[in-house]
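As structure tokens, the structure follows; a few thoughts come after it.
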Amino acid sequence: MKKKSFLNRYSLLFVAVAFLTFGSCQDDFTDRPSEDGISLDSYYSTDDQVSSATNGMYSRTWFQMYNKFWWALEVGSGNMYSGSPDVSGLRTFSLNGSDPELVNGWSSLWANVQQSNMIINFLAARVGSGVSKDVLNNTIGEAYFMRATAYFDLVRLWGPVPIIENPLDYTSNPYVNTNPVEDIYKLITSDYLKAIDLLVAKNRGTNYANNGHVSKGSAKAMLAKAYLYQKDYAKARAMAEEVINSGEFKLLGGDQLPGKSFGDLFTYANNNNEESIFAIQWKGDGAYGSANNCNTQFGFQDGTLSTSNASYAGVFGPSQEVMLSLYGAGDLRKHETVMIGGDTYPNIKTTQGIGFTVPSGKDLAQASGGAIKKYCIGVVNGNVTGQADGWAMMDNNTYVMRYAELLLIHAEAVLAGGASTSDASALSSINAVRKRAGLAALTSITFDDIFLERRKELCFEGDYWFDLGRIDKAKAIAIMSAQNRGDRYGERHYTPVYSEDHATNDFYMDYPDNEVAKNPKLLQAPVPYTFK
Amino acid sequence: MKKLMTNFLHWNANHRAVPLILFLLLTSNFITAQVKITGVVSDDKGMTIPGANISVVGSKNTASSDFDGKYSIDAPSNGTLVVSFIGFDSQKIAIAGKTKINISLKPSSEDLKEVVVIGYGTQKKKDVNGAISSVRSKDIENLKQVSIDQMLQGKAAGVSVTNNSGQPGGAASVRVRGTTSITGTNEPLYVIDGVPISGDATGKSTSGQTLAGKDGFSASGGSGNTAMSPLSMINPNDIESMDILKDASATAIYGSRGANGVIIITTKSGKKGGGKVSYENYTSFATVTNKLDVLNLSEYATLKTNLAKLWGFQTRQEFSHPELLGAGTNWQNEVYRTAISNSHQLSFSGAKDGTSYYLSGSYLDNEGTIINSGLKRYTVRLNLDSKIKSWLRVGGNLTGGITNERITVNQSYSGLISNTLLQSPDIPVRNIDGSFAGPPSSEQSVTYYNPVAEALTRDNKLVRKNFLGNVYAEADIFKGLKYRIEIAANTEFSENDDFRPSYAWGSQVNLLADLDVRRQNWYSTNIKNLLTYDRAFGKHKITLLAGQEANDSHWEGLIASAQGFKTNSIHTINLADVDNNTITQYKGSASLSSLFARIIYDFNDKYSITASIRQDVSSKFDPTTDNQKGVFNAISGSWKLSNESFMEGTRKYVDNIKFRVGYGETGNQQIPNNSYSAMLGTQNSGLGSGFLPSNYPNPDLVWESLNQTNLGIDFTLLNNKLSASFDVYDKKSKGFLFQVPLPLYLTGGGGQYGGVSAPYSNLGTMSNKGYDITVGYDLRSSGKFNWDASLVVSHYKNNLDEIANGIVLTQEVNTNGYQPVVVTNTTIGNPIGLFYGYKTDGIFKDQTVLNNAPIQFGQAVGTGAGETALGDVKYVDVNGDGKIDANDKTFIGNPHPKFTYGFTNNFKYKNVDLSIFLQGSYGNDVMNLTRRAGTTNASLYDNQLVEAMDYYSPTNTSSNNPRPIADSSNNNLLISDRYVEDGSYLRIQNITLGYSLPQDVISKYKISRLRLYGSAQNLYTFTNYSGYDPEIGSFNQNVLLSGIDNGRYPVARTFLIGLNLEF
């Protein structure tokens, strides 16, 4: 049974070769760098790469904040009305920590904080030698600006939250305590100051494409608002005056730009106009959460007449108060803010063509009998509206701050908590806003004048909830309980309960339930932050 | 081994032995009458047996049958031959002057000769040291399922299978001995004719892209259940056997990919004897097993009018006389249909002159029970094996499959099932003019759409073209040593077009039609070099294996979206508004390089040891470190008690008793590519595109490793009539891979929304302990009547032993109304994926009780909005801190069954065969979110279950259902034990009655078999579950989301008739 032949030797050789061949190329064989993504460590070698690093932080990162949660706050403030069960929790002041839109808003703000942190902490070490210092500085400045802006929303909505300057410190141990409100404002102030230092100076010209990125002036304007919230009127006034004196921004339809109007502020063609201080720069790109949802959520649908590209419209409507009594006669802003039966809009395209008259005696948005006009730009109409994406979202900007508000901040900072003022600079600021609205100049102003002017000017822009949150609580509760929070069929009144212990309804939101479940320390008393 | 022996002997006979034979022939006359005896050795069925040993009593003469079973031997004409072969009773035959003797051997025992596939080799079942379950084609031939994973249900101990969807082609969840890992999919590795295929239906560890479905509102399932079975491409009829390697001593040879178990699938090959043609055809009729009791129009009008009054909203004029309204639209009747399916299978097989072949083709047209859903499949297969030289065998298995599916969105708030249940009955299906109807006012419906219109006009097609094959060559090098090279490739092209037309269904208007187009393809190649040395030295038997394997996979895809079509009739992107097209592409590859070795040693057929080692190098881990390399060891042994001499006395009753013990290590690497490094994700804005970091890197990532210890006993008694196997195991996964569930304040929601996704990490330890029992009884009657039965019972207990930093693993699903809610949690010391929420204690019916109860969610007692009133759910203060808040959430149910079982009975009487298969699950809970959605009572415009009409009010204080609140996130609707139900069930899974025409009738027509049969599948389910079906499975194969019914496509009841024809 001896078994040996020529073929055996060849087979063995073949086997040996095969093993060697496949065994030896192992090192390369199992190195598979990404074929469709860029690795963080191998990017940022040119000015262009560095300066575009923050582009994404002008839209996607803010989406979940400036989507339905933002308007749910306007339902809370009494400016909007909605019966849609997913966004109407604040109508009755019964929003809780399991509310998905609340979670979305929270999540979005932290996305901004952490993306800013990534740039602040790591960008400088990763840029190539070919990148200019100015470009790098401006990008890092933008990151400080975004972080401060996100924390400003966080502190106003939730009060004490954790200060996180470098997320990598916490990825293996995420159980942080919250930090006190004062510390958060300290961080916000310091971030805006760094942003002012690092960002480029700008003048907002007629080439709107160049106006999109924030500037020194943007950071100063935001800082003025942050100082106002801290009642540091002197610094608020100084900051606001720096912005005013720089001439960087102008009122659209104001004395310097008489060819435009208040209504032009909310059109697609006027994205990044001269009045825009910081705006979200939406761009539909096929992914959910890239564009502006306003046009489907606002406006109305009545039978086959619809202002929306989607199968629905008017998830939010105006409150009865805003529709019927907020604006006085002659206030040009009313027609551009809210649609009322009989109003005509000759330039807006609907499902029935260009131009329409709002039907009277109909439910329209949420049985309010009217609809929200601001940010509603109608059915896709070429360059007038830009495109809509798969969710019917569009590319019109959302303002975070515009110059009109800065002027009102200035007036308030000059008033400085006093009973009234006739200071010329304060009057000049508030009257510029009033003049554009077609209203007479005031000669003396109180806080309530400014407060009301803010509500009318910034109605549906998401600010009134915060305004109510920074005034005396008893007064705020009185205002809100007096609001008609019903629809056209019936008046409804609800009273918010304010308590210091955070246990019942108040002006701070609950922390999201899931976050508390992951980190129960969120519910503990805040711990002072040690700044580095 | 046996073939090898034949070769040598055959070769010998032809060359070396010639002089000897000549010598013997020449000298024979002088001694006794030596004659040359020739013949064929075959088994009782006429199959020839190569390698059988033929010897002459009282002589040293031996011979061996050749490849065709032929032998020739010289023996005295009055002598006696002894013929023996492994697995057969040896036989003595008196020569009595004959020169041609054909010998038919009887198998010594069915079970003892059974061969199982053990990974890179085969072994006799009686010799196996590991825990392996085998399913043969005859065990599953009556189960007419689209894909083979579904057919394993209840057929193999230790394997639990749940269908995730009743949709044709939908994926099943297959768990071998419980849940091993909480990452990836936990699906076993399938090895089809040597080609490894991941059971991952979600593509998570490759492209991360599903085959169909656009991700919508959230990562937690906006687009519903999108998992498509990777096995639905394989024609189940082509399968000869499935061997499930369960314990790690068996799977360790698959190293890094074996942690979830390995299912080795062998397809059919041609059998000895003349060519055979088989044809099978069946037609089936399927309907949903039950419908849920939703409100008819008059009930709906009553309920909604009452709610409007309760909440102070305007009541609807048209509902003022509900008693005059009819039943309205019964959406379930409109959407579900009797689905008719048809299948044709044709195969040709045979073996001749050392070549065996199997050629098959199949066509399946499987309608879904939901209108406009279904699957068509075409497959072809060619298996060829040929011994082209005495020392060389080559062969190949090639298969191609094309499936064409119409997909329905299910398991989602926007899914068709939810739309069907919750669409209001006052909306007709169609308007008078024939167009689809919708709510007349936009107030009346935002979330739900006309499901019939949705099903008929939404055109969501998935075409998959899969080609899989391997070629091999096997050479005998010298005695006992074989070399085998195997090259395999697998590729799939898939095309998904999802067109959502523009429409006006009442006030629901979609102005712009959308189209999503996905073109994806992947391929993988696999090369193997194996050296096997197999020899016996006296009582010592040894099998050595050394091998090398390399696996390389690549994937790529284009996903385009377009909008603004001028027509609904043609669905291509060129007809869309050019300004609104978006397109994206992805691409990637992964590789695995392995070396392995195994030794099997057996002494005297009593004691046996198997040991193996494998080293894998994976591209999933940082190539600059040592983390890529993993080494996996295993050792196992067995003792055949029944072969000991002191057991002689028991032979009458005991055929075989064997004890097994084994330990092994395996790994898991099913994570997305490049998790070890930080990647930049594209984020667009009006300022242009930019890149933001999309994940936190973890360069320290390493293999998840799994250690398993197995103890088993096998025995067969009473002439093999009774057989049983019992295995206990202890399985521990260490450093399991998981994406760290960081709080949102660190991730910002992850890369999808511009945040930074949490890193993957080796997080913790999990264990599964359990047992598998298989008991079989076979009458083994050769008479008219025979009966055989088998019972399999599986039990496992899952436990999370430790996890880094006490991280919380809560999981969310989207419920109706855009709201993701946490439904499960996983904590140390508990099984994973337990239902998580509030405990309830009825509802508040007594003001004093309410006043004294712990404050619920900071709400004051009162009847205003945001206050707790009579009729609200009374939650239990679990932590006893005197208030109800998120800290009172606790475990409220367990989706893991206490045990699952399957019971098969086959009866045969004359030409009639009957098979009854029962299958079930005991002790698992189901979270019924469909019932939650059907009882929210939070809106005036969605339909509800009939039970929603009974709610607490001052005039109906006996109700135990909470008062309605017009807010879909109100506290009464929090996830609580109110929605948890017992999911135990016993199902009559299959009854088949067949009749084979008598041989004497059909043989006239040269037909060897003609069988007609009728079958009922999923005939009846005994359960207390109130939803469609208690068998839920996992949502997109996510093990942490098991047993959650969120509008799942129900599994149908099917009646079918068919015929088998062979000639």
Side-chain angles (χ1 to χ4, degrees), chain A residues 3 8 11 15 18-19 22 26 29-32 34-40 52-53 55-56 58-61 64 85-86 92-94 99-100 107 110-111 114-115 118 167 170-171 173-174 212 281 283 285-286 289 301 309 311-312 387 390 489-490 494 503-504 513-519, chain B residues 314 442 446 475 477-479 483 508-511 514 529 548 550 561 579-580 582 586-589 591 593 617 619 623 628 674 677-680 683-688 690 692-693 696 742-746 748-749 753-756 808 817-820 822 858 865-866 886 938 967-969:
Chain A
K3 285 265 86 286
N8 302 333
S11 313
V15 173
F19 271 73
F22 299 110
Q26 227 167 57
F29 184 67
T30 54
D31 182 7
R32 299 295 167 100
S34 175
E35 293 166 37
D36 56 6
I38 305 167
S39 168
L40 177 68
S52 65
N55 281 352
Y58 282 87
S59 67
R60 181 72 59 81
T61 51
Q64 298 278 46
D86 55 331
T92 56
F93 306 108
S94 61
D99 186 273
S107 174
W110 288 107
Q114 302 314 352
Q115 291 294 4
M118 296 300 244
Y170 303 98
T171 49
N173 184 12
Q281 316 278 329
K283 179 69 190 169
D285 61 1
Q301 187 182 48
N309 295 296
S311 59
Y312 62 95
Q387 292 299 320
Y489 296 107
Y494 301 95
T504 53
D513 284 354
N514 297 347
E515 296 284 270
V516 175
K518 285 174 181 169
N519 178 13
Chain B
Q314 197 71 6
S442 62
V446 171
I477 295 168
F478 56 79
K479 180 165 183 171
Y483 166 67
Q508 287 171 333
V509 179
N510 186 25
L511 281 184
D514 305 286
N529 284 285
Q548 171 274 333
S561 302
D579 290 332
N580 238 1
T582 54
Y586 66 84
K587 196 175 183 180
S589 71
S591 59
S593 174
V617 182
S619 66
Q628 286 200 323
N674 305 106
S677 69
M679 301 303 295
L680 292 171
Q683 302 291 357
N684 299 302
S685 76
L687 303 172
L692 293 174
Y696 293 113
L742 289 178
L744 291 168
Y745 56 76
L746 290 172
Y753 293 119
V756 187
V808 179
Y818 315 104
Q819 301 179 337
V822 169
D967 173 359
S968 62
S969 59

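Given the structure is predicted, the values throughout are model-derived calculations rather than measurements. Residue numbers begin at 1 in each chain, while the letters A, B, ... track the order of the sequences.
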For the student: nearest non-hydrogen atoms of B:S685 and A:N55, plus distance: OG-O, 3.0 Å
Flag the one option from B:P743, B:G690, B:G755 with the top tally of heavy-atom pairs under 4.5 Å to chain A. B:P743
Between B:Y745 and chain A, with a heavy-atom cut-off of 4.5 Å, which part of the residue counts as in contact: side chain, backbone, both or neither? both
Ring of A:Y58, cation from A:R60 - is the NZ or CZ under 6.0 Å from the centre and inside 45° of the axis? no
I'd like to verify something: which residue of A:D513, A:N519, A:D285 has the highest number of heavy-atom pairs under 4.5 Å with chain B? A:D285
Side chains of A:S107 and A:Q64: any donor to acceptor distance under 3.5 Å? no
Part of B:N684 within contact of chain A (heavy atom distance under 4.5 Å): both
Shortest non-hydrogen contact from A:G56 to B:Q683? CA-CB, 3.6 Å
Looking at B:N674, B:D514, B:T582, B:L687, which has the largest count of heavy-atom pairs under 4.5 Å with chain A? B:L687
Is it the backbone or the side chain of A:Y170 that comes under 4.5 Å from a heavy atom of chain B, or both, or neither? both
side-chain contact (heavy atoms from CB on, under 4.5 Å) partners of A:Y489, counting only residues at least two apart: A:D363, A:A367, A:D487, B:Q314
